[in-house]
Amino acid sequence: MQLLDDSDDFEGVPLSRRAMAARPAPYLDGLNPAQRAAVEALDGPVLMLAGAGTGKTRALTTRIAHLLMLGKARPGQILAVTFTNKAAREMKLRIARLLGETVEGMPWLGTFHSISVKILRRHAELIGHDAFHLKPSFIILDTDDQIRLMKQLILAENLDEKRWPARQLAHLIDGWKNRCLSPGNLPRGEAAAFDGWGGRLYAAYQDRLLTLNAVDFGDLLMHCVLLFQAHPDVLRQWQERFRYILVDEYQDTNVAQYMWLRLLAQGHRNICCVGDDDQSIYGWRGAEVGNILRFEKDFPGAQVIRLEQNYRSTPQILAAASGLIAANQGRLGKTLWTEAEPGERVRLIGHWDSEAEARWIGDEIEAFQGGHRAALGPVGLDQIAILVRASHQMRAFEDRFMTIGLPYRVIGGPRFYERAEIRDAMAYFRLVVSPADDLAFERIVNTPKRGIGDKALQTLQGLARQHGVGLLEAARIAVEERQLGGRSLANLRDFVAGIGRWHADALDSRASHVELAERILDDSGYTAMWQAEKSPDAPGRLENLKELVKALEEFDNLQGFLEHVALVMDRDDSEAAEQVSIMTLHGAKGLEFPVVFLPGWEDGLFPNQRAMDESGTKGLEEERRLAYVGITRAERLATISFAGNRRLYGQWQSSMPSRFIDELPAEHVEVLTPPGLYGGGYGAAMAFAGANAGTEMHDRAARADVYNSPGWKRMQARATERKSPVHRTPVTIDAEPAARFNVGDRVNHAKFGEGQIMGIAEDTLTVQFDSAGFKTVKAGYVHPAADDVPF
DNA sequence: GGACGGTGACTCCCA
DNA sequence: GTCACCGTCC
C-alpha cells in the first residue's frame with residue numbers, strides 16, 4: 001500500500017531552525033505560566049488538566065513545536081492522537097503556523113482510528129487465525145455495512161430479526177470492542193447476552209469480516225491492541241518509533257484506547273495526556289472518565305499541570321458553571337479564573353411550554369438585532385447558539401424561526417457520507433477498485449433497478465459458495481451459464497461488463513480518475529435514476545453527487561479516495577453565513593459563542609431520564625457535566641430556560657425545572673420574569689389563553705406544579721432578596737379544586753393499584769404504577785392514594 | 001416493482 | 001405526533 005513508506009520520518013525541521021532553540025523561542029511568548037510549564041515538561045508522564053477555554057490546543061501544539069525545535073524528536077517520531085478529524089486538522093494547522101512554515105511530515109498526528117489503520121496495514125497478516133488473516137488492503141466497514149452484515153448472520157441462524165434486532169447486536173459488539181473483548185476473551189456471562197446468542201454471533205461476525213478482508217471501526221483499535229499483546233517484537237518497534245506521545249481529550253478515551261496508549265507508552269513513558277474530567281460526556285459511547293481520574297496511579301511520578309486561566313467567558317458565567325459542577329463527586333478539581341470584566345449574570349427564565357420558550361428566544365434574538373442590548377454591543381446571528389439536550393427540541397425553534405424569518409442552521413444531522421446517494425456511489429467505486437467487495441456488490445447490483453431481486457441474489461450467492469468466489473465473479477458465471485431470466489440476465493451482463501471495464505480503467509494510471517468516476521455514475525445508470533426521480537430531494541442528491549466527484553480531485557486515485565472517506569470524511573459545516581446555530585450540547589463541545597441559549601432545563605429532559613435510569617448516579621453526573629459544557633460555551637451571555645409543558649410522543653406532559661437549576665449559585669444568576677405568567681404582559685397572556693383552550697385542567701395542574709417546585713420558589717426568593725430590577729411580584733396561582741391531581745401525586749386505581757402521576761393531559765393521566773407499570777388512565781378512575789402527602 | 005399501511009422508536013453519535 | 005423501516009398487496 002501507499003502507506004508503507006517511512007520517508008516521512010526523515011523530513012525533519014531544518015537544522016538551522018533547530019539551532020534557533022538556543023535563543024529565546026518566539027513561539028513561547030505570551031503563554032501563561034501554567035501553559036509554559038505544560039509546554040516545557042517534555043519528558044515523563046504529564047497530565048495536562050485543561051479547563052474549558054484555557055488554551056489547551058495552544059499548549060498542546062506549542063509543545064509539539066517545542067519538541068521539534070529542540071530537536072528532541074523528528075516529526076515522524078511524535079505520536080499525537082485526537083478523536084476527531086477536525087481536531088487533527090486544527091492541530092496541524094496551528095503547528096504549521098507556530099513554526100512559520102508547512103510542517104512536512106507529522107505523519108502520526110491523527111485520530112486514533114486513522115493511526116490504527118496505518119499500523120494495521122503494516123501487520124495485517126498477523127491479524128486473524130490459521131484459516132484466515134487480513135490482507136494489507138483490507139476495507140473498513142461503516143455502521144451501515146456492519147448492520148447489514150449482522151442482519152445476514154442473524155437470519156442465517158434462523159432467528160427472528162424482530163426479536164433479535166441487528167442494531168442491538170451491533171451496539172453490543174461495539175461495546176465489547178470498546179473494551180477490547182474479542183470473541184476469544186469474552187467473559188462467559190457477557191457471551192450469554194442477546195438471549196444467549198451474543199458470543200456466537202460475535203464470533204461468526206468476526207469470521208465473516210475476515211473472509212471479506214474487512215474490519216469495522218471498533219476492530220481498528222482492538223486489533224491493534226491484540227496485535228501488540230501477541231507480538232512483543234512488533235510492539236517494541238512502535239514503542240521505539242514513537243518517542244513522544246500526546247493525547248487530546250483524554251477524558252473521552254475508552255478501554256481499548258487506554259490499553260493502546262499504555263502499551264505504546266510503556267517504555268519511555270513520554271506521554272502527555274490533555275483533558276478535562278469535567279467535560280467527559282461520552283460515557284454512553286464507551287468513554288471511561290476513570291482513565292483520566294486514574295492517570296497518576298497508572299503513571300507513577302506523573303506531573304499534573306492545571307490550566308485554569310480562562311480566556312473565553314466572563315467571571316459570572318464561569319462562576320455559575322463552577323458552582324454547578326461542584327455537585328459532582330470524584331473530580332480532579334480545578335478553579336477556573338479570568339481577568340475579564342464581570343459581565344452579566346447567567347439568566348434564567350421559565351416558560352409556559354416549549355413553544356413559548358422558542359417564541360421568547362426568537363424575540364430575544366430579534367431584540368439583539370435591533371441593538372436593544374447596548375451592553376453587549378452588536379451581536380451577529382452567527383455569534384448566537386441554541387444548545388439543546390435532545391434533537392427533537394430543535395423542532396420548536398425551527399418552526400418558530402421559520403415563521404419569523406430568522407436565518408438559522410442546524411448543525412449535526414446526517415453526515416455527508418452517510419447519505420444514501422453518497423453511499424451508493426461509494427459502493428460503485430469500491431466494487432470497481434476491489435471486485436471482491438461483496439457488500440458493495442449487494443448494495444448496488446440492483447440500484448438502479450436491474451431486476452435483480454432477492455431470488456436472483458440468492459442464486460448468485462449459491463454460485464459464489466459453490467465456486468468459492470465473490471459475488472461479482474458469481475454474477476459473471478451466472479451470465480455465462482444463463483442461470484437467470486432474460487431481462488435480468490441482460491441487465492446483469494451489462495453490469496458485470498461495466499464493472500470489468502471500469503476496473504481496467506482504474507488500473508490505468510494515465511487516465512483521470514475523476515472522469516472515470518463520472519463515467520461510472522453515468523454509464524451505470526445511477527445518475528439517470530436520480531434524474532428520473534421526481535421527489536423534491538432528488539436535485540439535492542444530484543448536487544451531492546457532483547460534490548463527491550469534485551472532492552475526488554484532491555486525490556491521486558479512487559483507492560486513495562476510498563481510504564480517505566472511510567475515516568476522514570467530515571460533515572460539511574462550511575457555510576459561514578449570518579445564521580443562528582442550533583445544535584445539541586454534545587455537538588457543541590469544543591465550540592464557543594458570545595451568546596448562548598440553553599433551553600429545556602427540565603427534569604427528565606435534562607438531566608435526561610433515561611441516562612439516570614440506565615446509569616444512575618454516574619448518568620446524572622455525566623448529565624451535569626453536559627450542563628457544565630453547555631454553560632462554558634458562552635463567552636458573554638448565557639440564558640437558561642425551561643418550559644412547564646412539553647409535547648412528548650404527541651402528548652402534552654408537564655415537567656419540573658431541572659434540578660441543575662437549583663444547583664446554580666444564586667449570586668450569579670438573574671431570574672427573569674416570564675411575561676404573561678407574572679404581573680401582566682398581555683401579549684403573552686393571549687398566547688396563554690390560546691394554549692389554554694380545551695386543556696384547562698391540564699394547564700392548571702402544570703402551572704401549580706412548575707411554580708410550586710422547590711427550585712423555582714428558591715429562585716424567586718433569591719430574586720426578591722436581591723431586588724433584581726426585572727423582578728415583579730409573582731401572581732400566585734393556586735390549584736383550584738377542579739384540578740384534583742398534580743404530577744407527582746400518589747393515586748390509587750381499582751385495577752392497577754397504587755402509582756405516581758407522571759403526566760397530565762386533559763382528563764387523562766399518565767401513571768407509573770408500582771406493580772402494573774406505566775399506564776395512561778382516565779382521571780375519573782383513580783383516587784388520591786390514602787397516604788398521599790401533598791408535596 | 002411500487003404504493004400503501006402497520007409498527008416501533010424517540011438522549012447524545014466520534015471514527 | 002412523526003419518521004423510518006418493513007411487509008403486504010396488487
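Below, read A as the first sequence line, B as the second, and so on, with proteins coming before strands; counting in each chain starts at 1. Worth saying up front: this structure is predicted, and the values here are computed from it rather than measured.
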Quiz item: Counting any heavy atom closer than 4.0 Å, what does A:Thr143 reach on the DNA or RNA strands: base, sugar-phosphate only, or nothing?
Solution: base
Quiz prompt | Rounded interatomic separation in angstrom, taking CG from A:Leu626 and P from B:dT11 | solution = 14 Å
Exercise. Give the rounded distance in Å between these two atoms: CD of A:Gln146 and C1' of B:dC13.
Key: 13 Å
Quiz item: Which part of the nucleic acid does A:Phe217 contact within heavy-atom distance under 4.0 Å: base, sugar-phosphate only, or nothing?
Solution: base
Quiz item: When you check every protein heavy atom under 4.0 Å of nucleotides 2-9 of chain C, what one-letter string (B, S, -) results, 5' to 3'?
Solution: S---SS--
Practice problem: Establish, with yes or no, whether the OP1 or OP2 oxygen of B:dC12 is under 4.0 angstrom from a side-chain nitrogen or oxygen of A:Ser391. | Solution: yes
Practice problem: Looking only at side-chain atoms of A:Lys449, point me to the closest of B:dT11, B:dG2, B:dA15. | Solution: B:dG2
Exercise. Look at all strands and tell whether A:Glu418 reaches a base, only sugar-phosphate, or nothing, counting heavy atoms closer than 4.0 Å.
Key: nothing
Quiz item: Roughly how many Å is it from CG in A:Leu585 to C1' in B:dC13, rounded to a whole number?
Solution: 14 Å
Exercise. Give a yes or no on whether a donor-acceptor pair under 3.5 Å exists between the nucleobase atoms of B:dC14, that is its base, and the side chain of A:Arg285.
Key: yes
Quiz item: Does a salt bridge link A:Arg646 with A:Glu355, judged by any charged N lying under 4.0 Å from a carboxylate O?
Solution: no
Quiz prompt | Distance between P atoms of C:dT2 and B:dC13 (Å, rounded) | solution = 22 Å
Exercise. Mind calculating the distance between CD (A:Glu622) and C1' (B:dC13) to the nearest angstrom?
Key: 13 Å
Quiz item: Closest nucleotide of DNA chain B for A:Glu623 versus for A:Arg450: which of these residues is on the 5' side?
Solution: A:Arg450
Quiz item: Can you tell which of B:dT11, B:dG1, B:dA15 lies closest to the side chain of A:Asn446?
Solution: B:dG1
Quiz item: Would you say a side-chain N or O of A:Asn608 is under 4.0 Å from OP1 or OP2 of B:dC12?
Solution: no
Quiz prompt | Non-neighbouring partners of A:Glu421 that pass side-chain contact (heavy atoms from CB on, under 4.5 Å), sequence neighbours left out | solution = A:Arg419, A:Tyr526, A:Trp530, A:Arg541, A:Asn544, A:Leu545
Self-check item: A:Glu663 bridged to A:Arg659 by N-O distance under 4.0 Å
Solution: no
Quiz item: Expressed in angstrom and rounded to an integer, what is the separation of A:Asn85 atom CG from B:dA15 atom C1'?
Solution: 7 Å
Practice problem: Rounded to whole angstrom, note down the P distance from B:dC12 over to C:dC5. | Solution: 16 Å
Quiz item: Within the pair A:Arg610 and B:dC10, is there a side-chain N or O less than 4.0 Å away from OP1 or OP2?
Solution: yes
Quiz item: By side chain to side chain donor-acceptor pair (under 3.5 Å), which residues pair with A:Ser280, not counting sequence neighbours?
Solution: none
Practice problem: Could you tell me whether A:Gly451 contacts a base, only the sugar-phosphate backbone, or nothing, with contacts defined as non-hydrogen atoms closer than 4.0 Å? | Solution: sugar-phosphate
Quiz item: A:Thr57: what forms a side chain to side chain donor-acceptor pair (under 3.5 Å) with it, not counting sequence neighbours?
Solution: none
Quiz item: Given B:dT11, C:dG1, B:dC12, which nucleotide is nearest the side-chain atoms of A:Arg647?
Solution: C:dG1
Exercise. Figure out the CG/C1' separation between A:Leu567 and B:dA15, and round it to whole Å.
Key: 7 Å
Quiz item: Is it true that A:Asp277 and A:Arg625 have a side-chain N and a carboxylate O under 4.0 angstrom from each other?
Solution: no
Quiz item: Can a salt bridge be assigned to the pair A:Arg450 and A:Asp494 using a cut-off of 4.0 Å between side-chain N and carboxylate O?
Solution: no
Exercise. To the nearest Å, give me how far apart NE2 (A:His392) and P (B:dC13) are.
Key: 12 Å
Practice problem: With sequence neighbours left out, write down each residue that passes side-chain contact (heavy atoms from CB on, under 4.5 Å) with A:Asn608, or none if nothing qualifies. | Solution: A:Arg389, A:Arg610, A:Ala611, A:Glu623
Exercise. Determine if A:Tyr282 stacks with B:dC13; use a centre-to-centre distance below 5.5 Å and an interplanar angle below 30° as the criteria.
Key: no
Quiz item: Does any pair with a residue in residues 149-158 of chain A pass side chain to side chain donor-acceptor pair (under 3.5 Å), and if so which ones, sequence neighbours excluded?
Solution: A:Gln152-A:Glu442, A:Glu157-A:Arg200
Quiz item: From the list B:dC10, B:dC13, B:dA15, which nucleotide is the closest neighbour of the side chain of A:His586?
Solution: B:dC13
Practice problem: Please state how far atom CD in A:Gln251 lies from atom P in B:dC14, giving the value in whole angstrom units. | Solution: 16 Å
